[in-house]
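First the proteins, then the strands, lettered A, B, ... as listed; each starts at 1. The figures here come from the full heavy-atom set of this structure, side chains too, leaving out hydrogens, waters and symmetry mates.
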Amino acid sequence: MSIGNVRVRYAPSPTGYPHIGNIRTALFNWLFARHSGGKFIVRIEDTDQSRKVEGAVEQILESLRWLGLDWDEGPEIGGAFVPYFQSERLDLYRGYAEQLVQNGHAYRCYCSSERLAQMRTEMAERKESVRTYDRHCRDLSAGEQSKLRAQGIVPVIRFKVPLDGQTTFHDLIRGDITFDNAELDDLVLLKSDGYPTYHLANIVDDHSMEISHVMRADEWLSSTPRHVLLYAAFGWTPPLYAHLPMILGPDKSKLSKRHGATALLDYRDEGYLPEVIFNFLALLGWSLDDKTDVIGREDLVKHFSLERISRTAAVFDIKKLQWMNGFYIRQLDPARLAERALPYFEKQLPSEVKRPLDVGYVSQVVTLQQERAKTLCEFPQNSAFFFMEDLEYPKDLLLKGGMTGEKARELLSATALRLDSVTAFDVTSLESVLRSLAEQMSVKTGDLFGLLRVVVTGRTAAPPLFETMAVVGRERCLKRVRAAVQRLSDSPTR
RNA sequence: GGCGCAUUCGUCUAGCUGGCCUAGGACACCUCCCUCUCAAGGAGGAGAUCGAGGGUUCGAAUCCCUCAUGCGCUACCA
C-alpha cells in the first residue's frame, strides 16, 4: 500500500453517545490518515433499527468536531462514495447478499429465534464446545424452501462458512493470526427486516469505499476471520488490519457507562480541554518514546506510527488526565484562558450574580486561579466570592488556631481602619499595611492573614490574600470585614 | 465450555535486532524546601526479581516451551 493511498475510516453505530474508547479509535484513524497524507472517512453504521438512539449521530459528529478530528468524506460533506449512512445503502447489501446465495456462498435460513435459542440452551447443557448455529437450513432443497416460505416465514441469509481448513490473516499490530474454520459459525448476513448485519455491511462498504486499513478495537479480532472469508467469497482483496488495544475501566473490564463519565462530551462539560483529551488519548495505547507525556497535535501527526501502538489494553486513569489538564491550563495565556473559562463562569456561578459577566474582571480572577485549577469548572467553583456581594460561611472558620472572638474582632476592627485609609488598594500597599498591622498587634502574620482570608473569601483556601483583596476591591473588602465584626459581636464568644 | 489476544512499578508506559537494565520516565503516594492558606515549583523517597516454572546462552525483561491469570468474542448488536 503506497503511503499516499491510505484511506481509513471511523465507523461508529449510533446506538449511544461515543465514549472515550470509541473516540480513541477515531483519533488513531485520524492520526494515521493525517500522518500518511491519506483520507479519514466517517461512515455511520446504522443497521440496527432497534438500538438506534435519537441524537446519537449529532453527538458523534459533535465529539469529532470538539477534538478537531475533521473528516474528508462522510456525513454533512459527502464524498465520492456517497451515501455514508448504511441505512441508505440497503439495496447494495441486498444485491451482494443475493449474489452470494446465487453462487453458493450463502443460503436462506428459516429458523425462528425460538428454535435458535432452544438450540443454544441444549448445546450449553450438553457442554458442547462449539456453540454455534447448527446449520439446520444449510442444505434445504428448493421444495422445502418454498414450503417454508408459504408459511409466511421471512428468511435471513447466512454465510456458508467452509466446514474445515483454516483462515489466517495478518494483523499489523499482532502479527499472523489463525483460526480453524470449524470454529466459525454460519453468520447471518442479511436480517429478516432486510437490513444487513455489521459483518456484511462493513465489508461491502470497506471494499466499495476503497478502505486501505481497518483500524478498530481489539474486540473485533475474533470476527476478522469471518470477514476475511467473506472477502474471499466475493473475490475481493481484504484491507490491512490493525486491531487496537482496548481501553479498560479501573476494574479492568471493557469501558462502559458503569465506569462513570465515559461519554467524550462529558469531559468537555467537566472542564477538560480538547487538546488535553487529544494528547491523553493518543498516549493511551501509543507512545513516542520513554519520556514524552505532553505532546501537541502537530507532533502527534508528525510522529504517529502503527509500529508504536501497544498490544496491551490500557486502564483509563482519570488522575493523570486531571494532572495533564491542570498542566495545560497553567501553560495557557491568561487572556486566552479567560475566554475559554468564561462560559463555565456564566453557567456555574450562583444565579444571583448578574450576567453577562465582565470579561476583564473574569480575566483578573482567572489569572489568580490559574495555577490552582485542574479543570475549567474549578474556576467558577472556587471563585464565587469574587462575584458575590455578601458571603456566607460557618462562623467558626473565624476562630481557627486558638483565635478568640474578642481578639478576632479587635484585629478586624483595626484592619477596617487601615483598609479605609490606605491610599492605594493594591498588592504592595495592602501587604505593607497589613504586615505592619500584624506586628503592631503582635499577632503572627499567618494568623492575621488567615483570618482575613476567611473574612474576604469565606474559605480557608484561596489565592494569595493581597492579590485577592485587590481584585475584590476596597468597598467589598471593607463590607466583609465589618460584617464579620458584626457577626462576632452578635453572640458572645466563649 | 470453545476460540482468540494479552501479561514490565497501583496506573500509563520505555526497553523486547540478548550484555549500556543493580529496569528509565510520567501520574498517584510519602518526606523536605519555598510559603499568608491552597496550589504551583524545587529536591528527595518508596514502588516492578519484568505473571509462574522450565529451558537456550558466558549472559535474558528481551529467544523457545509449558502452565496460570486477565480480557475479548462466542446475537437476525455493533
Please classify the nucleic acid contact of [X] as base, sugar-phosphate, or nothing, using heavy-atom distances under 4.0 Å.
| X | value |
| --- | --- |
| P14(A) | nothing |
| P245(A) | nothing |
| T460(A) | base |
| F179(A) | sugar-phosphate |
| A314(A) | sugar-phosphate |
| G326(A) | nothing |
| S192(A) | base |
| T292(A) | nothing |
| M246(A) | sugar-phosphate |
| V156(A) | base |
| C111(A) | base |
| R308(A) | sugar-phosphate |

Please measure how far the [atom1] atom in [N] lies from the corresponding atom in [M], and state the result in whole Å.
| N | M | atom1 | result |
| --- | --- | --- | --- |
| rG45(B) | rA6(B) | C1' | 33 Å |
| rU62(B) | rU7(B) | C1' | 15 Å |
| rA60(B) | rA40(B) | C1' | 43 Å |
| rG25(B) | rG15(B) | C1' | 11 Å |
| rG59(B) | rU13(B) | C1' | 27 Å |
| rC20(B) | rC38(B) | P | 45 Å |
| rG41(B) | rC71(B) | P | 36 Å |
| rC50(B) | rU11(B) | P | 16 Å |

Looking only at the side chains, is there a donor atom on one of D176(A) and T168(A) sitting less than 3.5 Å from an acceptor on the other? no

Checking D46(A) against S87(A): is there a side-chain donor and acceptor pair closer than 3.5 Å? yes

Counting side-chain heavy atoms from C-beta on, which of [options] comes nearest to [X]?
| X | options | answer |
| --- | --- | --- |
| R435(A) | rG15(B), rC36(B), rU37(B) | rC36(B) |
| P464(A) | rC36(B), rC5(B), rC76(B) | rC36(B) |
| W220(A) | rC12(B), rA78(B), rU13(B) | rA78(B) |
| A461(A) | rA78(B), rU11(B), rU37(B) | rU37(B) |
| K320(A) | rC77(B), rC27(B), rC5(B) | rC27(B) |
| R311(A) | rC16(B), rC73(B), rC76(B) | rC16(B) |
| D290(A) | rC36(B), rA14(B), rA28(B) | rA14(B) |
| E183(A) | rG2(B), rC76(B), rU13(B) | rG2(B) |
| R372(A) | rA78(B), rA14(B), rU37(B) | rU37(B) |
| D293(A) | rC36(B), rA26(B), rU7(B) | rA26(B) |

is_close_aromatic([X], [Y]), centroid dist under 6.0 Å:
| X | Y | value |
| --- | --- | --- |
| Y241(A) | H170(A) | no |
| F466(A) | F449(A) | yes |
| Y328(A) | F278(A) | no |
| Y198(A) | W220(A) | yes |
| Y272(A) | F280(A) | no |

Taking N and O atoms by type only, does the side chain of R174(A) place a donor or acceptor under 3.5 Å from a partner on the base of rC5(B)?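 No, no donor-acceptor pair under 3.5 Å.
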
Would you kindly give the [atom1]-to-[atom2] distance between [X] and [N], to the nearest whole Å?
| X | N | atom1 | atom2 | result |
| --- | --- | --- | --- | --- |
| R330(A) | rG42(B) | CZ | P | 10 Å |
| D180(A) | rU74(B) | CG | P | 18 Å |
| E467(A) | rU37(B) | CD | P | 13 Å |
| L368(A) | rC38(B) | CG | P | 17 Å |
| N181(A) | rU74(B) | CG | P | 18 Å |
| H227(A) | rG4(B) | NE2 | P | 18 Å |
| L288(A) | rG24(B) | CG | C1' | 15 Å |
| I44(A) | rA78(B) | CD1 | P | 14 Å |

Within 45 degrees of the ring normal and closer than 6.0 Å to the centroid, is that where the cationic atom of R158(A) sits relative to Y133(A)?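 Ring-cation test returns yes.
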
OP1 or OP2 of [N] versus the side-chain N and O atoms of [X]: is any pair under 4.0 Å?
| X | N | result |
| --- | --- | --- |
| R120(A) | rC76(B) | yes |
| T47(A) | rA78(B) | yes |
| K252(A) | rU11(B) | yes |
| T312(A) | rU7(B) | yes |
| S287(A) | rA14(B) | yes |

Angle between ring planes, F304(A) versus F28(A), binned at 30° and 60°: parallel, tilted or perpendicular? perpendicular

Whether H105(A) and F159(A) hold their rings parallel, tilted or perpendicular, with breakpoints at 30° and 60°: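 Correct class here is tilted.
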
Find the partner of [N]: check Watson-Crick (N1-N3 plus N6-O4 or O6-N4) and G-U wobble (N1-O2, O6-N3) distances, both under 3.5 Å, and reply none if neither fits.
| N | value |
| --- | --- |
| rG19(B) | rC58(B) |
| rC34(B) | none |
| rC71(B) | rG4(B) |
| rU66(B) | rA52(B) |
| rA14(B) | none |
| rA46(B) | none |

Hey, which sits more toward the 5' end of RNA chain B by its nearest nucleotide, L465(A) or D317(A)?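 The 5'-side residue here is D317(A).
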
Tell me which of I173(A) and T445(A) sits closer to the 5' end of RNA chain B, going by the nucleotide each one is nearest to. I173(A)

